[in-house]
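Here the structure comes first, spelled out in structure tokens, and everything after it is commentary.
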Amino acid sequence: MLTQKVERVLQSKKSKKIGVIGSIAFFLTYLYSIDSINIHLTSVGVETVPNWTQRLLDTRAPYLWEPVLRLDLGLISLFLHPLNILLALLLSFLVFLTITTMAYMYKNPKTCRVNKTGIMGVLPASLTGFACCAPSLSLLLAPILGASSTVLFINILPFFIPLSTFLLLLGIYLLLKDIEPIS
Amino acid sequence: MNKHIPLLATVLIASFVLGLGLLSTSPSQTISENATELSQHIVDGGPPPDGIPPIEEPNYAPVESIDMEDEEPVFIYNTKEGTYIYSQRILVSHEIVNEEFDGEKVSVTYCPLTGSALAYNGTMNSVETTFGTSGKLVNSNLIMYDRETDSYIPQILGKGIQGELQGKQLELNPLTWSTWGDAKEVYPEAQVLTEDTGFARNYDLDPYGDYLSEGTYYDSGQPFFPVQHQDLSEEPKEVYIGIWGETPVGVKKEKVRQEKAVQIDTDEQALVALYDERLDAVRVFDREKDGETLDITYESGEGFVDDQGRTWSAEGESKDLSLDWVESFDVFWFAWHAFFPEADVYR
């Protein structure tokens, strides 16, 4: 039944377009927040780090892997690791489903039951955005939070990604629940 | 939906409780430098061990091939083989460079949170070792770990606080904090650390602040992490010269900058801090020489002069004499005071 509802949502081209735009924005924001993107004048080239195959499991933080490839594209440099890209794509896909479903519900209120779960749909996407920027965000918030709160924040960081993933999935489920299946 | 709520709520609450379980305990209020008590103030800085990866195979290039802003901070290390310059912009992403000079292991270390750069001899207890970043902090300062024994060593303290090397002191080598513009003029033949570090990193980004702008972490605000002791009579990010010596002493760098020579006298030692105008750097020396205590002052037009009429360079050298360097380094006030709350202060 859920897959039927997803199919119904994805039949809406306008909703999908909004979802694609939102997920691309999220994908780029996520990569930028983990320092995978640097916008600056540079040359064009590709470079892997030495012994890159042996360093594929090196991490910088929970759910953040040490880049093994540098890609210079003239105006932008990319610092990449396949697992960072994979995680970004996974989260972006969930954001795509969330935004697409919300757009569908907004445009088709008659096909949906009372949309009391709209806020629940927004919340996980917002939280994921928060989680994606967490490594830099902790330093940004430190002057506001104070020294002791920074320690607390650092300690709950490892849970941001799995919690955000869970809440995104929950949000998508709750949104789809309110959509009438294809009759 | 109703039947799912209890399960979902359980999962949420379990996640939150698990997270709470990882919280560090609140720090003790006891004032002490004792290694055991200090180790109780260790907090998680975020990254895993070597998540801030030390540079193990540094590459260098001549001064003329390097493009940096003149005001960018650099750290200068002098060896018999030559002079090596390390930029803050690269070290902020790695914090440690493990090298070998003159046949001896040396680790050039930098902690951005405490504004401290120190070069350690890599031989400890007759064992040659290298250092990694533990991912932990104490008094907001990088805790290094020795790769031979996994012992924890705070960068500012240079003494083991956990593990086999607890209580053992590292040997400090002179490392001069300066700027690129000054360094390349004084050491045009130096070799400079390049961005070919073996890592794919964005060295244009400093996650903590900006030494080329005002109002960022490096010149304002409070520490990001808890410290054992605080003294708000001074700006937290004011730069001090932290002197280990026989007894720790802190000297405000601006004081030395203004007075050029600052004599430091305690029961155990007679020292002098000399200002090197060429590098905007301060070096500390022992004034005891061949059984006598020299009186070294700065005289306009003459430079550094002692009470016997000898002139001295900012490197502590006279015609046929040289003063012994005393272990010292640049450091933020808040960090120095956190580790050495009882130290004498010259400001």
Side-chain angles (χ1 to χ4, degrees), chain A residues 32 34-40 42 47-52 55 58-62 64-71 77-81 117 134-136 138-160 162-163 166-167 170 173-174 177-178, chain B residues 1 4-5 8 11-12 14-27 41-53 56-57 93 112-113 135-137 139-140 195-209 216-217 220-227 230 334:
Chain A
Y32 187 80
I34 61 171
D35 298 336
S36 283
I37 297 176
N38 181 22
I39 301 169
H40 69 153
T42 181
E47 194 178 341
T48 55
V49 298
N51 305 316
W52 66 270
R55 294 164 63 175
D58 289 352
T59 58
R60 292 170 62 174
L64 183 63
W65 288 266
E66 185 70 42
V68 293
L69 175 75
R70 175 173 177 152
L71 198 59
S77 291
L78 302 175
F79 305 89
L80 305 173
H81 188 292
T117 60
S136 302
S138 60
L139 293 172
L140 194 64
L141 289 180
I144 304 167
L145 296 176
S148 297
S149 298
T150 306
V151 175
L152 168 64
F153 188 84
I154 295 268
N155 277 297
I156 63 177
L157 267 183
F159 299 96
F160 273 20
L163 190 59
F166 169 75
L167 288 174
L170 175 64
Y173 168 77
L174 292 174
K177 181 184 67 64
D178 286 340
Chain B
M1 170 62 193
H4 295 301
I5 287 179
L8 294 169
V11 172
L12 273 174
S15 300
F16 184 66
V17 169
L18 192 56
L20 285 177
L22 294 179
L23 291 176
S24 42
T25 54
S26 54
H41 289 79
I42 293 174
V43 298
D44 191 348
D50 291 334
I52 298 176
E56 307 293 347
E57 295 180 0
S93 295
L113 289 173
K136 309 290 186 188
L137 303 167
N139 290 326
S140 208
E195 293 184 4
D196 182 14
T197 59
F199 295 90
R201 286 278 182 134
N202 173 12
Y203 294 114
D204 288 344
L205 177 73
D206 185 328
Y208 303 97
T216 74
Y217 175 82
S220 61
Q222 298 297 319
F224 279 173
F225 292 88
V227 294
Q230 275 190 298
F334 83 83

### Message
To the closest 0.5 Å, what do you measure between CG (B/Asp50) and CZ (A/Arg60)?
### Response
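It comes to 13.5 Å.
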### Message
To the nearest 0.5 Å, what is the distance between CG on B/Asn202 and CD1 on A/Ile39?
### Response
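So the gap between those two atoms works out to 10.5 Å.
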### Query
Checking A/Ser77 against chain B: side chain, backbone, both or neither under 4.5 Å from a heavy atom?
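Looking at A/Ser77, nothing touches chain B.
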### Task
Measure distances from A/Pro62 to the heavy atoms of chain B and classify the residue's part below 4.5 Å as side chain, backbone, both or neither.
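Contact with chain B: side chain only.
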### Query
If you count heavy-atom pairs under 4.5 Å between each of A/Val49, A/Val68, A/Leu80 and chain B, which one has the most?
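Of the options given, most contacts go to A/Val49.
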#### Entry: Closest-packed option against chain B by number of heavy-atom pairs under 4.5 Å, given A/Arg55, A/Arg70, A/Glu47
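Winner by heavy-atom pair count: A/Arg55.
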### Query
When you look at CD of B/Glu57, are more than 12 heavy atoms from neighbouring residues, nucleotides or ligands closer to it than 6.0 Å?
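Check fails, neighbour count at 12 or below.
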### Query
Can you tell if the side chain of B/Asp44 reaches within under 4.5 Å of the side chain of A/Asn155, non-hydrogen atoms only?
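B/Asp44 vs A/Asn155: side chains touch.
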### Side-chain heavy atoms of B/Pro226 within contact of A/Val151, under 4.5 Å
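Of all side-chain heavy-atom pairs linking A/Val151 with B/Pro226, at least one is under 4.5 Å.
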### Task
Looking only at non-hydrogen atoms, find the nearest pair between A/Phe79 and B/Arg201 and report the distance.
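For A/Phe79 and B/Arg201, the tightest heavy-atom pair comes out as CE2-O, 3.1 Å.
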### Query
Looking at residues at least two apart in the chain, or sitting in another chain, which of them share a salt bridge (Lys or Arg N to Asp or Glu O under 4.0 Å) with B/Asp204?
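Result, salt bridge (Lys or Arg N to Asp or Glu O under 4.0 Å) vs B/Asp204: B/Arg89.
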### Task
Applying side-chain hydrogen bond (donor to acceptor under 3.5 Å, both in side chains), name anything that partners B/Tyr217, two or more places apart in sequence or on another chain.
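Scan of B/Tyr217 (side-chain hydrogen bond (donor to acceptor under 3.5 Å, both in side chains), adjacent residues dropped) gives none.
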